[in-house]
Each structure stands twice: as structure tokens, then as C-alpha cells.
Amino acid sequence: MQWQTILLQQHKGVGLITLNRPHALNALNNQLIIEINQALDLLEKDPTIGCMVLTGSEKAFAAGADIKEMLDLSFPQIYLDDFFSLADRIAQRRKPLIAAVSGYALGGGCELALMCDFIYCADNAKFGLPEVSLGVLPGIGGTQRLTLAIGKAKAMEMCLTARQMDAQEAEQTGLVVRVFPAEQLLAQTLQAAEKIAEKSLTAVMMIKESINRAFEVSLAEGLRFERRIFHSVFADADQKEGMRAFVDKRPAQFTSAKGHHHET
Ligand code: DAK
């Protein structure tokens, strides 16, 4: 595959996608969103991959949607194309996706990080939704996911004032899980991803779906959903292996979802 806007590497069960438009601080253009999805398609189909990581450069995770590409678009055009709807597919992945954010994560870049299952960041990270300064609003989930992540007060203030949040505040508010020195960010993220990749992929995917349900349904429905999924994993070989390994006092060898290759 010849990539123009990303790099793709695979190691120890982890797929690493690196945004690669350095001249534009990884601004998200159409091609970049297409390529992220193509890479995620490949990684999700690859039975050896158990976790995916999305990162940028040290200076910028992504400085937003590509302003130069958007400038002259008309309302009927973006409405007809359902502009940026392809981005939804990034958030709908089955396998876990971790964001490793260094430098700027602004506008669409911040929204892209919010589409991932969780975010680790470097101590130089800057998060912001500056769309209001451009006469628009966050359009790839920012007003919704940021609000769910950090609450109404902070989300409202950030989106209305375009203020940037630093790494420390991002950790305090729960936007990110942990902050690392910039030079350690990728290694630490890959380490966590490798740990996830060693687990039962079936269990990992069910946990991801079940947690995401919490944002969409009532507690009673969410609990019912969780219990049904819990019941269903007893039909999976990894449950037998995981519990048998515990009883036998040996490490589990999870294979059930990893052996299957799906052609689509
Ligand atoms: N788009 C295009 N190019 C960008 C860019 C962006 N978002 N951000 C930076 N660049 C380019 C700069 O134009 C510059 O290119 P040259 O001039 O060298 O050709 C190069 O990257 C380096 O940037 P700077 O020279 O500005 O670098 P500095 O270190 O001085 O400043 C900065 C870094 C991150 C503070 C600054 O670049 C900046 O403020 N960037 C823009 C940040 C921003 O406003 N981001 C939000 C974009 S709006 C929608 C869905 C989503 C959206 C809209 C609609 N629909 C569903 C319809 C989302 C919108 C956004 O994300």
C-alpha cells in the first residue's frame, strides 16, 4: 500500500498509524481520513493485531481539519457529500484504538483523539476547539464527545472561547488518562497496547462495546446489555482458556478471535 498522508507499522500484535503531513501540522484533509480508515480496515482484518495506536509528530498530533481545503466549500456541496461523515467510521471500530497525543490536538485533531478509546499525551500536549474563531463549530463530534469526557462547564468554555488546555489540565479533567515526558510517550503507549493485544480479543472487543453503550442508553438497558454480552462470552474458547489457565496456575494463551481471518 502506498500511503500519502500516514505511516503504518505493525509490531507485537499492535498496529501503529502515524499521521504524516508535517508541512501542514497533520491537518486532516479528505485523503488523510480515507487513509486512516484504509489502515484501520487492514489492521482490523489482520488476525495478528489486537490493538491499534494513532499518533502524530512531536509538534502536532493534528492541528485541525484542513482549513485550506475547506475554505471554498459551499453548503450544498458539503451537505451533499456529507462532509466528514467518513470520520464516523474511526469511532465505530471493534478493536481498541489508543491516541498518543504530542503537541497540538486542535479542532478536528482534538476530535480525532476523542474518537479513540482513550488518550495518552505528552507533557507538551495542547488540546483545543478553536473552530469558533474560524466562524464555524466543532463538526466531528467535539461538542458531544468533549462534553461527555470533561463535562458541560469546561466543554462550553473551551468551545466558546477557543482556549487551549495543557496536558496537566487534560489529565485533571479526565480528557487524557496519563501524561508522559514527550520522549517516552510512544514507548509507553505501545507498551499498554501490547498488554491489551495479549488479552482475549473477544473479551477486549466486548468490553469496548459495553463501555461505549454507557453513553447511549439508560443504566437499566446498559446493565442488561452488559449481562447478555457476559453470558455470550461463555460460548467463546478464550473464556475456557482464561479460567482454565488461572486454575492451572499458568499464563493464558488466547487464540479464539486471533485465528480467524475475514474476507470482505
Ligand atoms: N489546516 C491547514 N493548514 C494548517 C492547519 C490547518 N488546520 N494548521 C496549520 N496549518 C499549516 C499552516 O498553514 C502552515 O502552512 P504554511 O504556511 O507553512 O504553508 C503550517 O501548517 C505550519 O503552521 P504554522 O506556521 O501556523 O505553525 P505555528 O507553529 O506558527 O502555529 C498552530 C501552530 C497550531 C498554533 C497554528 O498552525 C494554528 O493555529 N493552526 C490552526 C488551528 C486551527 O484553527 N484548527 C482548527 C481547524 S478547524 C466540519 C467538520 C469539522 C470541522 C469543520 C467542519 N464539517 C462536518 C462540515 C473542523 C474544523 C477544524 O478543525
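Atoms within each ligand, like the ligands themselves, are counted from 1 in listed order.
- Side chains of Cys121 and Val179 form a contact here, defined as non-hydrogen atoms less than 4.5 Å apart.
- Residue, atom and distance of the protein heavy atom nearest to atom 49 (C) of ligand 1 are Phe84 CD1, 3.9 Å.
- What sits closest to atom 48 (S) of ligand 1 on the protein, heavy atoms only, is Leu134 CD1, 3.3 Å.
- Listed here is the closest heavy atom pair of Asp238 and Ala257: OD2-N, 4.4 Å.
- For atom 36 (C) of ligand 1, no protein heavy-atom neighbour is present inside the 4.0 Å cut-off.
- Closest to atom 45 (N) of ligand 1 by heavy atom, among Ala87, Pro138, Gly107, Ala63, is Ala63.
- Those atoms of ligand 1 with a heavy atom of Asp66 less than 4.0 angstrom away are 1 (N), 2 (C).
- Of the protein's non-hydrogen atoms, Lys59 NZ, 3.8 Å is the one closest to atom 28 (P) of ligand 1.
- Between the choices Arg21, Glu131, Glu111, Met70, the shortest heavy-atom distance to atom 53 (C) of ligand 1 belongs to Met70.
- Closer than 4.0 Å to atom 25 (O) of ligand 1 lies none of the heavy atoms of the protein.
- For atom 17 (O) of ligand 1, the closest heavy atom belonging to the protein is Lys68 NZ, 4.1 Å.
- Looking at atom 38 (C) of ligand 1, its nearest protein heavy atom turns out to be Leu106 CD1, 4.8 Å.
- Of the charged side-chain nitrogens involved, none lies within less than 4.0 Å of a carboxylate oxygen, so that Arg94 and Glu44 do not count as a salt-bridged pair.
- With distances taken over non-hydrogen atoms, the option nearest atom 5 (C) of ligand 1 out of Cys110, Ser133, Gly109, Ala27 is Ala27.
- Of the options Leu28, Leu25, Leu137, the smallest heavy-atom separation from atom 23 (O) of ligand 1 is shown by Leu25.
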Without placing hydrogens or testing angles, list every side-chain donor-acceptor pair under 3.5 Å for residues 57-75, not counting sequence neighbours.
{"unit_1": "Ser57", "atom_1": "OG", "unit_2": "Lys59", "atom_2": "N", "d": "3.4"}
{"unit_1": "Ser57", "atom_1": "OG", "unit_2": "Ala60", "atom_2": "N", "d": "3.0"}
{"unit_1": "Ser57", "atom_1": "OG", "unit_2": "Ala60", "atom_2": "O", "d": "3.1"}
{"unit_1": "Asp66", "atom_1": "OD1", "unit_2": "Lys68", "atom_2": "N", "d": "2.9"}
{"unit_1": "Asp66", "atom_1": "OD1", "unit_2": "Glu69", "atom_2": "N", "d": "3.0"}
{"unit_1": "Asp66", "atom_1": "OD2", "unit_2": "Arg21", "atom_2": "NH1", "d": "2.9"}
{"unit_1": "Asp66", "atom_1": "OD2", "unit_2": "Arg21", "atom_2": "NH2", "d": "3.3"}
{"unit_1": "Glu69", "atom_1": "OE1", "unit_2": "Asn30", "atom_2": "N", "d": "3.1"}
{"unit_1": "Glu69", "atom_1": "OE2", "unit_2": "Asn30", "atom_2": "N", "d": "3.4"}
{"unit_1": "Ser74", "atom_1": "OG", "unit_2": "Gln77", "atom_2": "N", "d": "3.2"}
{"unit_1": "Ser74", "atom_1": "OG", "unit_2": "Gln77", "atom_2": "OE1", "d": "3.3"}

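- Between the Ser210 side chain and the Ile207 main chain, no donor and acceptor come within less than 3.5 Å of each other.
- Looking only at side-chain heavy atoms (C-beta outward), Leu146 and Leu175 come within less than 4.5 Å of each other.
- Between Phe118 and Tyr120, the ring-plane angle classifies as perpendicular under the 30° and 60° cut-offs.
- Proximity to Ala24 (heavy-atom distance under 4.0 Å) selects the following atoms of ligand 1: 4 (C), 9 (C), 10 (N), 11 (C), 21 (O).
- Between Arg93 and Asp117, no side-chain nitrogen of the basic residue sits less than 4.0 Å from a carboxylate oxygen of the acidic one, so the salt-bridge criterion is not met.
- Given atom 18 (O) of ligand 1, the protein heavy atom at minimum distance is His23 O, 4.4 Å.
- Annotation for ligand 1: atoms under 4.0 Å from non-hydrogen atoms of Ile140 are 50 (C), 51 (C).
- Side-chain atoms of Asp166 and Lys126, non-hydrogen and from C-beta on, do get closer than 4.5 Å to each other.
- Among protein heavy atoms, the minimum distance from atom 1 (N) of ligand 1 is reached at Ile67 N, 2.9 Å.
- Remark: Arg224 CZ to Leu219 CG distance equals 11.0 Å, nearest 0.5 Å.
- Ligand 1 has a nitrogen or oxygen under 3.5 angstrom from a nitrogen or oxygen of Gly108.
- In this structure a side-chain-to-backbone donor-acceptor pair under 3.5 Å is present from Glu111 to Ile140.
- Among all non-hydrogen protein atoms, the one lying nearest atom 44 (O) of ligand 1 is Pro130 CG, 3.6 Å.
- Not a single heavy atom of Val136 lies less than 4.0 angstrom from ligand 1.
- Of the protein's heavy atoms, at least one falls inside 4.0 Å of atom 57 (C) of ligand 1.
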Could you give the side-chain donor-acceptor pairs of residues 211-218 under 3.5 Å, partners two or more places apart or in another chain?
{"unit_1": "Asn212", "atom_1": "ND2", "unit_2": "Lys208", "atom_2": "O", "d": "3.3"}
{"unit_1": "Ser218", "atom_1": "OG", "unit_2": "Glu221", "atom_2": "N", "d": "3.2"}

